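Encoded as structure tokens, the structure appears first; notes follow it.
For the single chain, residues carry numbers from 1 onward in sequence order. Source: prediction; values computed, not measured.
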Amino acid sequence: MKTIITTIVFAFLCINIQGQEFEKHSNGLIYNDNTIEQLKFIVDSLNLKFKACEITETYHAIPQTKAIQFNLESGNIKQAKKDLENGMSLDLLKKTYPLANITKPKLIIAYDYTDYNDKTITHVSTKTIGEDYDKIIEFEAQIDITESYRKGDWIVDYNNGSNYRNEHVTAFYLLEDFKKNKLKDIYAEMVQYSHCMIDTTSSKIIDGAEHGYLEDLSSDYSKLTLTEKKELLDTFRHTKVIGTCSMDSSPRVHALNIAKLSAETVNWEVFLKAHLDVMNDRFERATDGSYAWAARKTYLKELEVLDINTLDLLLGITFRIDNASKNHYYGSIGRLGRALSESENQIIFEKTMLNMIKNDELDDYNRYIVYYLYDNYLYHLNDCKDKTERKMHINNVKAQLKEIQKFLPNHLIDHS
């Protein structure tokens with residue numbers, strides 16, 4: 001009985017922690033006029049600095065290629081694994097394993113990441129518009145995948161089975177070498193603009209910060225002295241707030257407090273990271289149910305009034321690149337799509353995104369990413385009040401997306 005009561009109380013607490021989103025000032029923004037003016041002064045300087053700069057970095061797309069996926073879940077799977085590893089031809093595999101599922105060409109990408117045990121893992125996965133799940137192969141990285149696997153090679157993943165799934169083997173047959181395309185200057189400028197605005201040498205939370213919870217001590221920090229503000233900001237940055245459940249907004253409140261104090265102490269580097277974390281809802285949580293998303297706003301307007309080039313900033317953090325700096329800020333595609341739907345510059349954003357999707361000089365993976373950005377943008381574009389209007393809107397979105405798909409290569413589309 002005690003456990004049940006505790007669970008009910010905890011669930012009730014989670015729901016009530018969320019409450020209302022942040023209070024707005026008379027200007028309709030979550031920052032007061034004085035703070036906005038301080039921030040605008042910084043942005044003006046950064047924009048002037050950016051205009052005087054030439055592109056100093058060459059940015060490359062994530063390694064990618066086209067591949068045919070082979071999957072076998074019955075028959076002599078161990079022998080199939082050996083045949084794949086020995087490089088059996090695709091035609092012979094089809095004859096030898098008629099029960100195998102062999103797909104049409106798909107886009108696959110590859111990148112390395114560090115797991116919880118500090119091991120470097122190579123992640124290879126399919127990326128196909130219309131499929132619900134990516135097929136993933138992962139292994140400890142001891143090689144450069146772009147050099148070790150070439151056209152005609154198989155990347156093989158064998159699993160001897162478990163309580164949840166039978167023995168199976170999956171493999172990718174490479175139709176081309178992996179490529180890391182250089183981003184064209186027009187897109188490289190967007191990435192560089194995001195680097196100009198978002199300092200990559202610092203972080204919002206100090207390394208080694210301890211987990212904790214800080215109350216929203218004041219909704220108006222302007223009444224504090226500059227020294228008190230700096231001290232409080234330092235305290236906040238040394239505390240990592242993690243939500244107790246998906247409805248817990250305390251990480252967002254904590255980030256907004258950091259953003260406010262950073263703005264009022266003219267700490268731009270920390271301010272923008274904190275604000276973008278709120279926009280992207282980029283926080284650690286026990287879970288993150290979709291029922292909590294609606295209340296979490298994006299606050300794009302606060303950036304637009306600062307005269308930030310939000311087109312270049314948001315698209316600059318949309319691109320997925322291979323040689324990004326350590327602290328490069330990647331945006332959430334779902335949240336960025338919603339933010340764009342609230343922009344005052346929707347027509348410019350639409351035209352730019354559509355041109356990117358249609359541009360075959362942009363690598364396939366970033367076209368795939370921008371397609372889903374546009375998908376999320378269209379989904380949030382209208383706030384329909386009745387079910388009929390909402391249904392019509394969704395049908396219209398589907399029609400637009402289907403039309404856009406005509407400009408994409410076949411290996412990016414699910415044809416099943």
Side-chain angles (χ1 to χ4, degrees), residues 21-51 186-187 189-199 204 222 252 255-264 266-282 293-319 329-356 370 373-374 376-383:
E21 267 281 283
F22 313 127
E23 181 181 349
K24 294 185 178 181
H25 295 274
S26 58
N27 59 9
L29 308 173
I30 57 177
Y31 308 116
N32 62 39
D33 287 330
N34 182 58
T35 300
I36 290 294
E37 289 306 311
Q38 288 179 300
L39 293 172
K40 286 182 73 173
F41 180 78
I42 299 171
V43 172
D44 287 345
S45 299
L46 290 172
N47 278 332
L48 286 173
K49 179 182 176 182
F50 178 76
K51 288 177 181 178
I186 187 174
Y187 304 133
E189 285 179 358
M190 294 175 179
V191 178
Q192 187 159 309
Y193 184 76
S194 74
H195 285 173
C196 181
M197 287 292 159
I198 309 168
D199 180 43
K204 181 188 75 177
S222 61
R252 291 174 64 81
L256 181 65
N257 284 334
I258 291 175
K260 284 182 178 179
L261 288 166
S262 299
E264 295 192 18
V266 200
N267 190 334
W268 173 261
E269 292 81 3
V270 176
F271 162 77
L272 188 55
K273 290 187 184 72
H275 188 90
L276 287 174
D277 279 355
V278 173
M279 174 182 286
N280 285 276
D281 205 29
R282 184 176 175 175
W293 296 345
R296 296 171 183 158
K297 309 304 179 183
T298 65
Y299 306 102
L300 178 64
K301 187 177 180 181
E302 278 72 4
L303 298 185
E304 290 186 326
V305 299
L306 297 178
D307 296 327
I308 289 177
N309 181 343
T310 51
L311 172 70
D312 282 4
L313 176 65
L314 299 191
L315 291 178
I317 63 177
T318 293
F319 287 110
Y329 196 102
Y330 286 108
S332 161
I333 302 306
R335 293 291 295 183
L336 290 179
R338 183 178 175 188
L340 296 181
S341 74
E342 300 168 2
S343 173
E344 295 179 353
N345 303 302
Q346 291 176 359
I347 294 176
I348 297 174
F349 273 116
E350 286 181 10
K351 183 178 179 180
T352 303
M353 285 189 286
L354 285 172
N355 285 338
M356 291 168 72
V370 176
L373 178 67
Y374 193 72
N376 280 281
Y377 164 79
L378 290 176
Y379 180 80
H380 291 290
L381 194 55
N382 293 328
D383 184 16

[X] and [Y]: which non-hydrogen atoms are nearest, and at how many Å?
X      : Y      : value
Ile36  : Leu306 : O-CD2, 3.6 Å
Gln346 : Ser341 : NE2-O, 2.7 Å
Ile317 : Ser194 : CG2-CB, 3.9 Å
Ala263 : Gln38  : O-OE1, 3.8 Å
Val305 : Leu29  : CG2-CD1, 3.8 Å

Practice item. Among Val370, Thr318, Leu311, find the one that has a side-chain contact (heavy atoms from CB on, under 4.5 Å) with Met353. Key: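 Exactly one candidate clears the test, Val370.
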Next on the checklist: Exactly one of Leu300, Leu46, Leu303 should register a side-chain contact (heavy atoms from CB on, under 4.5 Å) with Ile308. Which one does?
Outcome noted: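 When side-chain contact (heavy atoms from CB on, under 4.5 Å) is applied between Ile308 and each of Leu300, Leu46, Leu303, only Leu303 qualifies.
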Only counting residues at least two apart or in another chain, list the ones meeting side-chain contact (heavy atoms from CB on, under 4.5 Å) with [X].
X      : result
Asn32  : His25, Asn34, Thr35, Asp220, Ser222, Glu264
Glu37  : Lys40
Glu342 : Thr298, Arg338

Heavy-atom distance under 4.5 Å between the side chains of [X] and [Y], does that happen here?
X      : Y      : value
Glu302 : Leu39  : no
Ile198 : Leu313 : yes
Met356 : Tyr187 : yes

What pairs of donor and acceptor atoms, side-chain ones from residues 267-278 against any protein atom, are under 3.5 angstrom apart with sequence neighbours left out?
unit_1: Asn267; atom_1: OD1; unit_2: Val270; atom_2: N; d: 3.4
unit_1: Trp268; atom_1: NE1; unit_2: Met197; atom_2: O; d: 2.9
unit_1: Lys273; atom_1: NZ; unit_2: Asp199; atom_2: O; d: 2.5
unit_1: Lys273; atom_1: NZ; unit_2: Ser202; atom_2: O; d: 3.3
unit_1: Lys273; atom_1: NZ; unit_2: Ser202; atom_2: OG; d: 3.2
unit_1: Lys273; atom_1: NZ; unit_2: Glu269; atom_2: O; d: 3.2
unit_1: His275; atom_1: ND1; unit_2: Tyr31; atom_2: OH; d: 2.7
unit_1: His275; atom_1: NE2; unit_2: Tyr299; atom_2: O; d: 2.9
unit_1: Asp277; atom_1: OD1; unit_2: Tyr329; atom_2: OH; d: 2.7
unit_1: Asp277; atom_1: OD2; unit_2: Lys204; atom_2: NZ; d: 2.9

Any side-chain to backbone donor/acceptor pair from [X] onto [Y]? Under 3.5 Å, distance only.
X      : Y      : value
Arg252 : Lys297 : yes
Ser45  : Phe41  : yes
Asn280 : Ser332 : yes
Asn345 : Ile348 : no

Interatomic spacing from [atom1] in [X] to [atom2] in [Y] - rounded to 0.5 Å:
X      : Y      : atom1 : atom2 : value
Asp33  : Asn27  : CG    : CG    : 4.5 Å
Tyr377 : Ile333 : OH    : CD1   : 15.5 Å
Phe22  : Leu256 : CZ    : CG    : 4.5 Å
Asn309 : Met190 : CG    : CE    : 8.0 Å

Quick one: list whatever passes ring-ring contact (aromatic ring centres under 6.0 Å, His included) with Phe349, sequence neighbours left out.
->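 So Phe349 forms no ring-ring contact (aromatic ring centres under 6.0 Å, His included) with any residue.
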- request: Could I get the full list of ring-ring contact (aromatic ring centres under 6.0 Å, His included) partners for Tyr330, not counting sequence neighbours?
  value: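 Partners of Tyr330 by the ring-ring contact (aromatic ring centres under 6.0 Å, His included) criterion, ordered by chain and then number, come out as His328.
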